[in-house]
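Encoded as structure tokens, the structure appears first; notes follow it.
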Amino acid sequence: MTDRFAPGDRVRTRIADPTGHTRLPRYARGASGVIVSTAGHHPLADERARGLASAPRAVHHVRFAARDLFGEGDHAVVVELWEDYLEPDGST
């Protein structure tokens, strides 16, 4: 299994608002961040919550500027996210 992203990659979270369980926080949807590290490979919690089998995939620590998530703040927020929630951010 090859990870799609590596530390230093710029990513954007998906905007989707799925029905049912998701581990992608609403406040982080559509936000741009940077991969800090890989936190291992785990089954996707969204699929497991629906009783589906789920192959392990990469989970990353992604750093966001607080002001990008909340409109203010001069600190960073790190969120642990599955690769399924991420896409390359080509905006920069």
Side-chain angles (χ1 to χ4, degrees):
M1 143 187 6
T2 303
D3 298 345
R4 290 177 50 213
F5 304 108
D9 287 352
R10 292 203 49 78
V11 294
R12 178 175 295 277
T13 59
R14 298 188 184 272
I15 299 174
D17 188 18
T19 55
H21 178 81
T22 183
R23 294 289 303 271
L24 174 56
R26 188 172 305 277
Y27 66 81
R29 294 181 192 171
S32 293
V34 177
I35 300 289
V36 176
S37 62
T38 300
H41 296 83
H42 305 280
L44 181 62
D46 302 28
E47 293 174 345
R48 298 287 302 260
R50 291 191 295 275
L52 303 173
S54 182
R57 61 261 262 161
V59 177
H60 299 287
H61 293 140
V62 183
R63 183 180 60 243
F64 300 93
R67 71 184 154 281
D68 292 341
L69 298 179
F70 308 117
E72 61 182 302
D74 59 359
H75 60 286
V77 176
V78 176
V79 182
E80 193 170 85
L81 299 169
W82 271 266
E83 273 195 350
D84 298 65
Y85 304 146
L86 306 172
E87 54 194 35
D89 184 1
S91 67
T92 57

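Residue indices begin at 1 and follow the sequence shown. No experiment lies behind these values; they were computed from the predicted model shown.
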Check whether any side-chain N or O of S54 sits under 3.5 Å from a backbone N or O of L44 as a donor-acceptor pair, and report yes or no. yes
Backbone N or O of H42 within a donor-acceptor pair of the W82 side chain at under 3.5 Å? yes
Do Y85 and V79 come within less than 4.5 Å of each other through their side chains, counting heavy atoms only? no
Would you say Y27 and V34 are hydrophobically clustered, going by side-chain heavy atoms of ILVMFWY under 4.5 Å? no
Spatial distance of atom OG1 (T22) from atom CD (E47) [nearest 0.5 Å]: 11.0 Å
Derivation of the side-chain contact (heavy atoms from CB on, under 4.5 Å) call for R23 and L81: CA-CA 7 Å; R23 294 289 303 271; L81 299 169; over 6 Å; no
Could you please spell out the steps behind the salt bridge (charged side-chain N to carboxylate O under 4.0 Å, His left out) verdict for D17 and R26? CA-CA 8 Å; D17 188 18; R26 188 172 305 277; 3.5 Å; yes
Donor-acceptor contact below 3.5 Å, side chain R10 vs main chain S32: no
Would you mind writing out the side-chain donor-acceptor pairs for residues 59-77 within the sub-3.5 Å range, not counting sequence neighbours?
from: H60; atom 1: ND1; to: T38; atom 2: OG1; distance (Å): 3.2
from: H60; atom 1: NE2; to: E83; atom 2: OE2; distance (Å): 2.9
from: H61; atom 1: ND1; to: S37; atom 2: OG; distance (Å): 3.0
from: H61; atom 1: NE2; to: E80; atom 2: OE2; distance (Å): 2.9

Between the main-chain N or O of D84 and the side-chain N or O of R14, is there a donor-acceptor pair closer than 3.5 Å? yes
Nearest heavy-atom neighbours spanning G30 and I15: CA-CG1, 3.7 Å
Would you find a donor on one side and an acceptor on the other, under 3.5 Å apart, between the side chain of R12 and the backbone of E87? no
